[in-house]
Visitor: 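Let me begin by handing over the structure; questions about it come next.
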There are 2 protein chains.
Amino acid sequence: MFSIGQVSTRTGVKVPTIRYYEQMGLIAAEERTEGNQRRFSQDGLERLHFIRHARDLGLSIDMIRHLLTIAPSNHAESHRIAAAHLDEVRDRIARLKRLEAELVRIKDSCDGKDECSVLSAFGDHTQCAGGH
Amino acid sequence: MFSIGQVSTRTGVKVPTIRYYEQMGLIAAEERTEGNQRRFSQDGLERLHFIRHARDLGLSIDMIRHLLTIAPSNHAESHRIAAAHLDEVRDRIARLKRLEAELVRIKDSCDGKDECSVLSAFGDHTQCAGGH
DNA sequence: TCTTGAACCTCTAGGGACTAGAGGGATTAT
DNA sequence: ATAATCCCTCTAGTCCCTAGAGGTTCAAGA
């Protein structure tokens with residue numbers, strides 16, 4: 001059995017965040033000591049690992065709850081969630097790349113000059129690749 | 001002079017968001033009508049365009065306030081902000097790409113099978129490219 | 001066994017960037 | 001004049017935590 005601090009160091013999830021996840025219904029400490037401190041089993045630790053990983057991958061708490069409660073018995077649904085999220089991520093990458101290109105343009109427009117136009121570049125939409 | 005609604009349609013910034021920006025000290029309506037409604041000048045409109053663009057580019061409200069107050073007279077500072085932000089964006093792109101690769105792995109690991117392992121894939125860190 | 005100090009507990013509030021709703025007043029077009 | 005639309009302020013909610021206050025429990029050393 002692990003204390004919340006041990007779980008925290010093993011999973012990399014901060015202590016208050018673990019308590020927050022409990023509050024949100026993602027996890028629950030299997031036991032409490034006489035003095036009301038949480039004790040987690042190996043299973044609880046792995047569940048938290050899963051949550052951590054899924055959060056790193058950008059899934060929302062709701063999505064994760066969904067995966068944890070509905071999906072274990074339903075691969076099609078799990079698959080759908082993963083695929084939908086992949087689409088989202090690809091979209092975000094595309095948008096960030098446009099953003100990168102524009103920042104380069106803004107930065108370069110003023111490199112090596114005494115006078116630059118970062119401000120007007122920020123205000124100028126005409127060269128934007130994508131429409132806002 | 002433009003009403004808040006006209007400014008909203010021209011800039012694409014929603015009405016409550018414009019009021020929020022005012023509250024945050026990014027903009028201020030130049031005038032008010034007898035009946036206390038905001039009226040914006042062309043300048044105000046352009047300032048909001050700038051803010052909209054900078055927000056699209058991912059700059060925080062604080063950064064934008066900084067740009068609007070300190071930077072106009074200080075190109076070096078503006079340049080620094082743009083360059084620092086570019087670094088951030090590149091970092092985000094790199095992380096998202098790792099994420100994308102992993103989502104593909106997770107999805108493919110279960111494509112076309114009757115039984116899949118999305119859940120265990122989410123829980124499995126061993127194949128992560130980057131360390132969490 | 002006692003004591004110290006680290007770790008734990010609950011509860012409330014804050015943060016960032018909005019968004020939504022209530023309850024009302026102003027403006028504009030017919 | 002009246003209806004429709006727009007606008008006002010204020011409060012509270014969203015998401016995912018993070019920080020702090022004020023107090024209790026645990027583990028290890030003397």
Side-chain angles (χ1 to χ4, degrees), chain A residues 1-41 44-45 47-48 50-68 85 88 92 95 99 132, chain B residues 1-41 44-45 47-48 50-68 85 88 92 95 99 132:
Chain A
M1 286 300 196
F2 310 98
S3 73
I4 198 168
Q6 290 170 323
V7 170
S8 174
T9 50
R10 269 158 221 251
T11 59
V13 181
K14 287 182 194 152
V15 169
T17 306
I18 297 173
R19 291 200 272 250
Y20 169 74
Y21 287 161
E22 182 183 282
Q23 215 178 302
M24 294 298 102
L26 298 188
I27 45 163
E30 285 82 354
E31 286 179 21
R32 293 278 181 139
T33 62
E34 294 267 306
N36 198 33
Q37 299 198 354
R38 291 169 183 81
R39 286 300 112 104
F40 295 86
S41 68
L45 199 107
R47 193 177 169 98
L48 192 57
F50 171 90
I51 294 165
R52 163 91 156 107
H53 198 189
R55 283 292 304 137
D56 277 353
L57 294 177
L59 281 90
S60 70
I61 296 230
D62 268 359
M63 275 168 143
I64 296 170
R65 199 182 358 241
H66 199 64
L67 275 173
L68 287 169
H85 190 59
E88 262 176 46
R92 253 198 284 167
R95 273 186 291 122
L99 199 162
H132 309 297
Chain B
M1 285 299 199
F2 309 98
S3 71
I4 198 169
Q6 288 171 324
V7 170
S8 174
T9 51
R10 269 159 221 253
T11 59
V13 181
K14 288 183 194 150
V15 169
T17 306
I18 296 173
R19 291 199 273 250
Y20 170 74
Y21 287 161
E22 181 183 282
Q23 214 177 304
M24 294 298 102
L26 297 188
I27 46 166
E30 285 82 355
E31 288 180 19
R32 293 275 182 145
T33 61
E34 293 267 306
N36 197 35
Q37 299 198 355
R38 291 168 181 83
R39 287 299 112 106
F40 295 87
S41 70
L45 200 106
R47 192 178 170 97
L48 192 56
F50 170 90
I51 293 166
R52 162 91 155 108
H53 199 190
R55 284 291 304 135
D56 277 354
L57 294 178
L59 281 89
S60 71
I61 296 232
D62 269 358
M63 275 167 141
I64 295 171
R65 199 182 356 242
H66 198 64
L67 275 172
L68 286 169
H85 191 58
E88 262 175 46
R92 254 199 282 167
R95 274 186 292 121
L99 198 163
H132 309 297

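Chain naming here is simple, since letters A, B, ... match the order of the sequence lines and numbering starts at 1 in each.
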Visitor: Base, sugar-phosphate alone, or nothing: which one does A/Arg38 contact when heavy atoms must sit under 4.0 Å apart?
Guide: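 Sugar-phosphate, no base atom in range.
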Visitor: Using 0.5 Å steps for rounding, measure from the CZ atom of A/Phe50 to the CG atom of A/Leu59.
Guide: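 If I round to the nearest 0.5 Å, the distance is 7.5 Å.
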Visitor: Using atom CD of B/Glu22 as one end and atom C1' of D/dC10 as the other, report the distance to the nearest whole Å.
Guide: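 Checked: the CD to C1' distance equals 14 Å.
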Visitor: Is a donor on one side and an acceptor on the other found under 3.5 Å between the side chain of A/Arg52 and the backbone of A/Thr11?
Guide: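 Yes, A/Arg52 side chain to A/Thr11 backbone: donor-acceptor pair under 3.5 Å.
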Visitor: B/Arg55 near the nucleic acid: base, sugar-phosphate alone, or nothing, with a heavy-atom cut-off under 4.0 Å?
Guide: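 Result for B/Arg55 = sugar-phosphate.
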Visitor: Report yes if some heavy atom in the side chain of B/Tyr21 is under 4.5 Å from a heavy atom in the side chain of B/Ile61; otherwise report no.
Guide: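 They are in side-chain contact.
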Visitor: Find the distance A/Glu31:CD to D/dC26:P and express it as a whole number of Å.
Guide: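 It is 13 Å, rounded to the nearest whole Å.
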Visitor: Can a side chain N or O of A/Tyr20 be found less than 4.0 Å away from OP1 or OP2 on D/dC15?
Guide: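 Checking A/Tyr20 against D/dC15: no side-chain N or O falls below 4.0 Å of OP1 or OP2.
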Visitor: On the nucleotide C/dT27, are OP1 or OP2 found under 4.0 Å from the side-chain N or O atoms that B/Thr33 carries?
Guide: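 Indeed, a polar side-chain atom of B/Thr33 lies that close.
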Visitor: Is B/Arg32 touching bases, backbone alone, or none of the nucleic acid, heavy atoms closer than 4.0 Å?
Guide: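 The answer is sugar-phosphate, as B/Arg32 gets under 4.0 Å only of primed atoms, P, OP1 or OP2.
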Visitor: Between A/Phe40 and A/Glu30, is any pair of side-chain heavy atoms under 4.5 Å apart?
Guide: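 They are in side-chain contact.
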Visitor: Do the side chains of A/Arg32 and A/Arg38 get nearer than 4.5 Å, heavy atoms only?
Guide: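 In short, these two side chains touch, coming nearer than 4.5 Å.
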Visitor: Measure CE/A/Met1 against C1'/D/dA27 and give the value in whole Å, please.
Guide: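 In whole Å, D/dA27 C1' and A/Met1 CE are 19 Å from each other.
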Visitor: Send over the distance from B/Arg39 CZ to D/dC7 P, rounded to a whole Å.
Guide: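 Computing the B/Arg39:CZ to D/dC7:P distance gives 8 Å.
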Visitor: Please give, in whole Å, the distance from D/dC7 C1' to B/Arg19 CZ?
Guide: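 Whole-Å distance recorded here is 7 Å.
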Visitor: Which residue, A/Ile51, A/Leu26, A/Val13, forms the side chain to side chain contact (heavy atoms under 4.5 Å, CB included) with A/Ile18?
Guide: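 When side chain to side chain contact (heavy atoms under 4.5 Å, CB included) is applied between A/Ile18 and each of A/Ile51, A/Leu26, A/Val13, only A/Val13 qualifies.
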Visitor: So does A/Thr17 get a side-chain nitrogen or oxygen closer than 4.0 Å to the phosphate oxygens (OP1/OP2) of D/dT18?
Guide: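 The answer is yes; a side-chain N or O of A/Thr17 sits under 4.0 Å from OP1 or OP2.
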Visitor: N/O contacts under 3.5 Å, protein versus nucleotides 1-6 of chain D?
Guide:
none

Visitor: Rounded to the Å, how far apart are B/Asn36 CG and D/dC10 P?
Guide: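 It works out to 10 Å between those atoms.
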Visitor: Specify the separation, in whole Å, of atom CE of B/Met24 and atom C1' of C/dG15.
Guide: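 Result: 11 Å.
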Visitor: Grab the CD1-C1' distance between A/Ile61 and D/dT14 for me, whole Å please.
Guide: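 Value for this atom pair: 13 Å.
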Visitor: Give a yes/no answer on whether the side chain of B/Tyr21 brings an N or O atom under 4.0 Å of OP1 or OP2 in C/dC18.
Guide: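 Result: yes.
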Visitor: Taking only N and O in the side chain of B/Lys14, is any of them less than 4.0 Å away from OP1 or OP2 of C/dT19?
Guide: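 Yes, within the criterion.
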Visitor: Taking atom CZ of B/Arg55 and atom OG1 of B/Thr17, what is their separation to the nearest 0.5 Å?
Guide: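 Between atom CZ of B/Arg55 and atom OG1 of B/Thr17 there are 10.0 Å.
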